Amino acid sequence: MALEVVTRSEPLDALAGSIVLPVVPEFRLDESISEGERALAEWVMRAARAAGVIGRVGQVAAVPPPAEWHAERIVLVGLGTPEQRTLSDIRRVAALTAKVTTDAGGRILVWPVVGLLRHPIESVVQAIVEGVGLASYRFHRYRSSDTLSGIERLVVAGTGQGVETASRRGQIVYETVNFARDLTNEPGNVLDPERLSGIAWEVAQEVGLQCSIYDRALLEELGAGAILAVGQGSRREPRLVHLVYKPGNGAATRLALVGKAVTFDSGGLSLKPAEGMERMKGDMAGGAVVLSVLRALPALGLPVEVHGIVAAAENLPDGDAFRPGDIVRTLNGKTVEVISTDAEGRLLLADALTYAVQQDAHLLIDVATLTGACAVALGRGGSGLFATDERARDLMLRAASEVGERMWPLPLWDEYRDLLRSEHADLKNTAGRWGAAINAALFLREFTDGRPWLHLDIAGPAWSEQPGPFGPPGATGHGVRTLLRFLELWAESCAGAGGERR
Ligand code: BES
Ligand code: MN
Ligand code: ZN
């Protein structure tokens with residue numbers, strides 16, 4: 001069951017469900033506490049001491065409510081000292097309260113809007129809604145008995161236009177992440193390139209985006225030889241999806257988000273080992289992020305023109321599959337010798353980036369589960385960020401740190417470009433084991449036409465093996481929240497630059 005978020009102005013003791021009461025170490029029972037609040041404050045202090053919650057970030061305990069309250073239980077939660085209390089902490093803490101509540105069998109969670117030093121109330125409300133919305137995510141559509149649902153109703157106890165708006169924004173954010181997670185968790189037999197493009201089409205109709213879809217015949221006409229090569233070993237034919245968001249009042253800048261969507265990556269003839277291959281249904285996480293972000297843009301109304309370009313294919317070995325040694329002609333005319341059919345993502349992106357250049361995007365951003373090497377380097381915690389533009393890179397890192405996703409800059413060392421030389425073609429698609437994440441990025445750069453470009457390798461964080469505060473194992477939607485924030489910052493920075501095109 002999907003989460004419903006409402007705001008309520010009644011006093012806490014009149015509300016049903018599980019009620020969160022924050023415990024903050026700076027709290028003092030002194031004259032500043034009004035008579036009405038004193039009794040509750042004393043109750044919280046006593047209950048917190050008994051439950052061992054001294055206010056450290058993330059400490060959490062469910063206890064019975066005070067007599068006379070309508071609540072099922074009270075969830076005491078530590079928020080840490082004001083100095084260490086970041087919005088990411090608040091988001092994570094909110095997620096923990098959702099987990100403790102569902103573990104105890106609760107389905108309704110009440111968060112009072114608390115005035116927390118340091119942060120505007122709107123940001124706090126948004127972080128709470130995001131945290132609960134992410135933690136309550138489940139992918140249970142293929143389970144016959146759905147016993148483990150998350151929070152079904154979040155009550156934000158507070159009033160005012162600011163609270164409403166912030167709550168609405170929080171909802172857009174978590175729904176956008178969870179939509180990307182849904183797409184990524186869908187298995188390869190259900191979500192193939194055709195279905196993915198069908199969903200893109202439906203989304204475009206629903207929220208109001210332009211949408212063009214290239215099937216095999218149209219890709220041939222276009223000359224997207226790399227996308228066609230990757231897809232030719234599967235009976236499920238490849239697609240290129242092009243979505244466009246145009247703001248109502250014109251835009252200062254045009255940007256392209258480009259996603260890798262391999263609906264299943266077996267490695268092709270350069271077959272992957274069997275162990276863990278099932279996770280390669282998630283090799284379309286980048287495409288899912290792009291599609292989902294585009295879906296959110298009309299509601300957010302940002303003044304940037306955004307093109308969402310998703311290259312979708314299934315990489316399988318077959319009598320028609322492309323082979324090592326094949327030379328393919330990409331959309332921008334460069335030829336590529338295929339060394340490994342398992343380095344398929346960069347082939348899809350080569351054509352998708354060229355297509356983005358053809359749309360005259362001023363900034364290109366691609367998102368891809370591109371290399372195991374990037375996951376080896378940075379682990380599952382964060383993605384690698386490659387950039388040819390400092391301003392865009394700095395804004396992306398700022399956006400990531402604001403929303404609490406980890407991204408880390410990796411270099412584009414020109415010397416390594418030589419490793420991609422091929423004897424018989426303009427480029428080859430792999431350059432050995434060492435620095436494989438960098439080499440992949442250098443390969444992509446060949447298709448950016450020298451334009452400002454960011455490349456996000458999300459191979460590590462796109463998928464989580466363990467349950468975490470933000471939900472069960474599986475797709476994480478990593479990148480969605482950062483990109484949404486980045487687009488805001490980018491729009492501001494372009495408007496600040498006098499609205500000139502760049
Ligand atoms: N989809 C994989 C990368 C990947 C690996 C994503 C693990 C998530 C988890 C990609 O298509 C791939 O196979 N990359 C190869 C490149 C190599 C052949 C140069 C890799 O990383 O091993
Ligand atoms: Mn591969
Ligand atoms: Zn892949």
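Each ligand, and each atom within it, is numbered from 1 in the order the structure gives. Keep in mind that what you see is a predicted model, and the values were worked out from it rather than measured. The basis for the numbers below is simple: all heavy atoms, side chains too, and nothing from hydrogens, waters or symmetry mates.
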Indicate yes or no for a side-chain donor-acceptor contact from [X] to the backbone of [Y] under 3.5 Å, with no hydrogens or angles considered.
X: Asn429; Y: Ser340; result: yes
X: Arg85; Y: Leu79; result: yes
X: Thr330; Y: Asp351; result: no

Is [X] salt-bridged to [Y], cutoff N-O under 4.0 Å?
X: Asp103; Y: Lys99; value: yes
X: Arg141; Y: Asp182; value: yes
X: Glu488; Y: Arg169; value: yes
X: Arg239; Y: Asp192; value: no
X: Arg254; Y: Glu305; value: yes

| said: One pair to check against side-chain hydrogen bond (donor to acceptor under 3.5 Å, both in side chains): Arg391 and Ser493. What are the steps and the verdict? | reply: CA-CA 10 Å; Arg391 179 169 80 110; Ser493 107; 2.2 Å; yes
| field | Criterion side chain to side chain contact (heavy atoms under 4.5 Å, CB included) against Ile227, the qualifying member of Val328, Leu240, Leu349, Leu222 | value | Leu240
| From CA spacing to verdict: side-chain hydrogen bond (donor to acceptor under 3.5 Å, both in side chains), Asn439, Trp434 | CA-CA 9 Å; Asn439 302 335; Trp434 309 110; over 6 Å; no
| note | Any protein N, O or S atom under 2.8 Å from the Zn ion (ligand 3)? Found Lys260 NZ, Asp265 OD2, Asp283 OD2, Glu344 OE2
| said: With side-chain hydrogen bond (donor to acceptor under 3.5 Å, both in side chains) as the criterion, how do Thr335 and Asp426 come out once you've worked through the C-alpha distance, each side chain's angles and the decisive distance to 0.1 Å? | reply: CA-CA 5 Å; Thr335 55; Asp426 298 328; 3.2 Å; yes
| said: Ala285: which residues meet the side-chain contact (heavy atoms from CB on, under 4.5 Å) condition with it, sequence neighbours left out? | reply: Thr184, Thr369, Ile458, Ala462
| task | Return the set of protein N, O or S atoms whose distance to the Mn ion (ligand 2) is under 2.8 Å, each given as residue and atom. | result | Asp265 OD2, Asp342 O, Asp342 OD1, Glu344 OE1
| remark: Residue shell for ligand 1, any heavy atom closer than 4.0 Å, reads Lys260, Asp265, Lys272, Met280, Asp283, Ser340, Asp342, Glu344, Arg346, Thr369, Leu370, Thr371, Gly372, Thr430, Ala459
